[in-house]
Amino acid sequence: MAATVFHQAIGTLQSHGYFNNSSFQQEHGNTSLRLMSKGFRVDYRSKNRSFIVSQASTSQTSMFSPISSPSKNNTTDSRKKSNEAALILVRHGESLWNEKNLFTGCVDVPLTRKGVEEAIEAGKRISNIPVDVIYTSALIRAQMTAMLAMAQHRHKKVPIVVHNESEQAKSWSGIFSEETKKQSIPVITAWQLNERMYGELQGLNKQETADRYGKEQVHEWRRSYDIPPPNGESLEMCAERAVAYFKEHIEPQLLSGKNVMIAAHGNSLRSIIMYLDKLTSQEVISLELSTGIPMLYIFKEGKFMRRGSPVGPTEAGVYAYTKNLALYRQKLDEMFQ
């Protein structure tokens, strides 16, 4: 199933003109697929899925050593000493089921051509903002969005999926070149960042579902905070896992001064924004997030400050750069003149 979804994703990228068949490799058994063309590389492996899309400028290894998180015992000290850090949130680009107006939930559906374009545009919007580590859901549409977005970053670092499933996975996926590590960004996938599970609605057309159950009932399932669809998750249930993961794994990275990007889904990101902006359960249900639109927060002195999303005319005006971000952009200008 994962291989089928991946081939669908590759077909989307090929139709968009990012790849051709001039360089193609495929193996059977445990499945290995590689496509290289027009400055991009896509690697796919299974059974434990790995998916890499990158702009290939120099030869890179496709392995990365896991990053460490600050221990909980040091949280208080880290909070006092924390530097300014950037947090970028981006909902995945349009998926094939978004296009068909189907309830998607946790079904693993790739991006459409429009979704690819949205991911690339999102990458251009954040190309001058530092990113040290990327978190995505376990779903291909979020991972594709992260990879395509980072391919636009001016620093040209290559996103590499981190494998922590077992000691063997950690050992086999380690990078032994310090120079390569400097040119890589770890990508950590987590099911806790998945879209909320829509249960028996997954795969149903939204309009047909409204006709069958009534508009009011479907609206209650979709927009209430604590009422789940049949055999599915409510937003409250989604928030419990997404926010818990954010607090335990992502916030410590920000406390240590790491700049983080999260590529995830409408409901998992709404849940995190509810935590960041201290929204009530009534406020969060009216929060709408467009596909492929990044949102920037600055984390400083233990507080999250929203600095905008790209709806304004200029990047700098939209994001209200801090002094640190302005200096980072200046360094990029000097590096790539």
Side-chain angles (χ1 to χ4, degrees), residues 1-9 11-13 15-16 89-119 121-122 136-145 191-243 263-274 279-293 295 309 311:
M1 178 62 183
T4 300
V5 170
F6 182 79
H7 282 289
Q8 291 173 341
T12 300
L13 294 174
S15 67
H16 192 60
L89 308 180
V90 57
R91 183 185 175 191
H92 64 81
E94 182 190 68
S95 74
L96 288 173
W97 280 15
N98 290 145
E99 182 183 51
K100 294 178 181 296
N101 199 33
L102 306 181
F103 285 99
T104 311
C106 290
V107 181
D108 210 0
V109 179
L111 301 180
T112 60
R113 177 181 296 188
K114 178 182 176 182
V116 170
E117 292 171 348
E118 288 177 335
E121 182 61 28
T136 79
S137 75
L139 301 174
I140 198 78
R141 58 191 184 273
Q143 295 175 26
M144 288 179 69
T145 298
W191 69 266
Q192 292 91 336
L193 298 176
N194 281 12
E195 179 59 282
R196 75 172 169 125
M197 210 277 277
Y198 272 101
E200 295 177 15
L201 302 187
Q202 291 187 166
L204 297 180
N205 180 277
K206 293 177 182 178
Q207 183 57 53
E208 292 174 357
T209 305
D211 294 340
R212 182 189 304 178
Y213 295 101
K215 291 183 179 179
E216 292 184 3
Q217 177 63 76
V218 174
H219 185 269
E220 186 175 64
W221 285 335
R222 295 187 65 191
R223 288 294 176 259
S224 64
Y225 182 68
D226 56 0
I227 300 175
N231 294 318
E233 284 184 307
S234 64
L235 178 57
E236 181 180 34
M237 296 162 71
C238 178
E240 286 177 359
R241 57 172 165 85
V243 174
H265 307 266
N267 284 296
S268 55
L269 289 177
R270 287 166 72 203
S271 301
I272 291 171
I273 292 170
M274 180 181 181
L279 303 180
T280 67
S281 58
Q282 289 302 309
E283 290 172 328
V284 74
I285 60 176
S286 61
L287 178 64
E288 295 290 345
L289 300 178
S290 299
T291 54
I293 301 295
M295 184 175 293
S309 60
V311 294

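Small disclaimer: the values here were computed from a predicted structure and weren't measured.
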By the definition side chain to side chain donor-acceptor pair (under 3.5 Å), identify the one residue from Glu94, Arg141, Glu99, Glu117 that meets it with Thr112. Glu94
Contacts of Trp97 that satisfy ring pair (Phe, Tyr, Trp, His ring centres under 6.0 Å) - sequence neighbours left out: none
Give a yes or no answer on whether the side chain of [X] reaches the backbone of [Y] with a donor-acceptor pair at less than 3.5 Å.
{"X": "Asn194", "Y": "Ser137", "answer": "no"}
{"X": "Ser268", "Y": "Leu193", "answer": "yes"}
{"X": "Arg196", "Y": "Met237", "answer": "no"}
{"X": "Thr145", "Y": "Gly93", "answer": "yes"}

If you compare all heavy atoms of [X] against all heavy atoms of [Y], which two are closest, and at what distance to 0.1 Å?
{"X": "Arg212", "Y": "Leu204", "answer": "NH1-CD1, 4.4 Å"}
{"X": "Val284", "Y": "Arg270", "answer": "O-NH2, 3.1 Å"}
{"X": "Thr280", "Y": "Met274", "answer": "C-CE, 3.9 Å"}
{"X": "Ile140", "Y": "Asp108", "answer": "N-OD1, 2.6 Å"}

With sequence neighbours excluded, tell me which residues meet side chain to side chain contact (heavy atoms under 4.5 Å, CB included) with [X].
{"X": "Glu208", "answer": "Asn205"}
{"X": "Ser290", "answer": "Ile293"}
{"X": "Gln202", "answer": "Cys106, Val107, Met197, Tyr198"}
{"X": "Glu236", "answer": "Tyr225, Asp226, Ser234, Glu240"}

Starting at CG of Leu139, measure out to CD of Glu195 and round the result to the nearest 0.5 Å. 8.5 Å
Interatomic distance, Asn267 atom CG to Leu287 atom CG [nearest 0.5 angstrom]: 10.0 Å
Taking only residues two or more places apart in sequence, or in another chain, which ones meet [X] in a side chain to side chain donor-acceptor pair (under 3.5 Å)?
{"X": "Arg222", "result": "none"}
{"X": "Gln207", "result": "Asp211"}
{"X": "Arg223", "result": "Glu288"}
{"X": "Ser95", "result": "Asn98"}

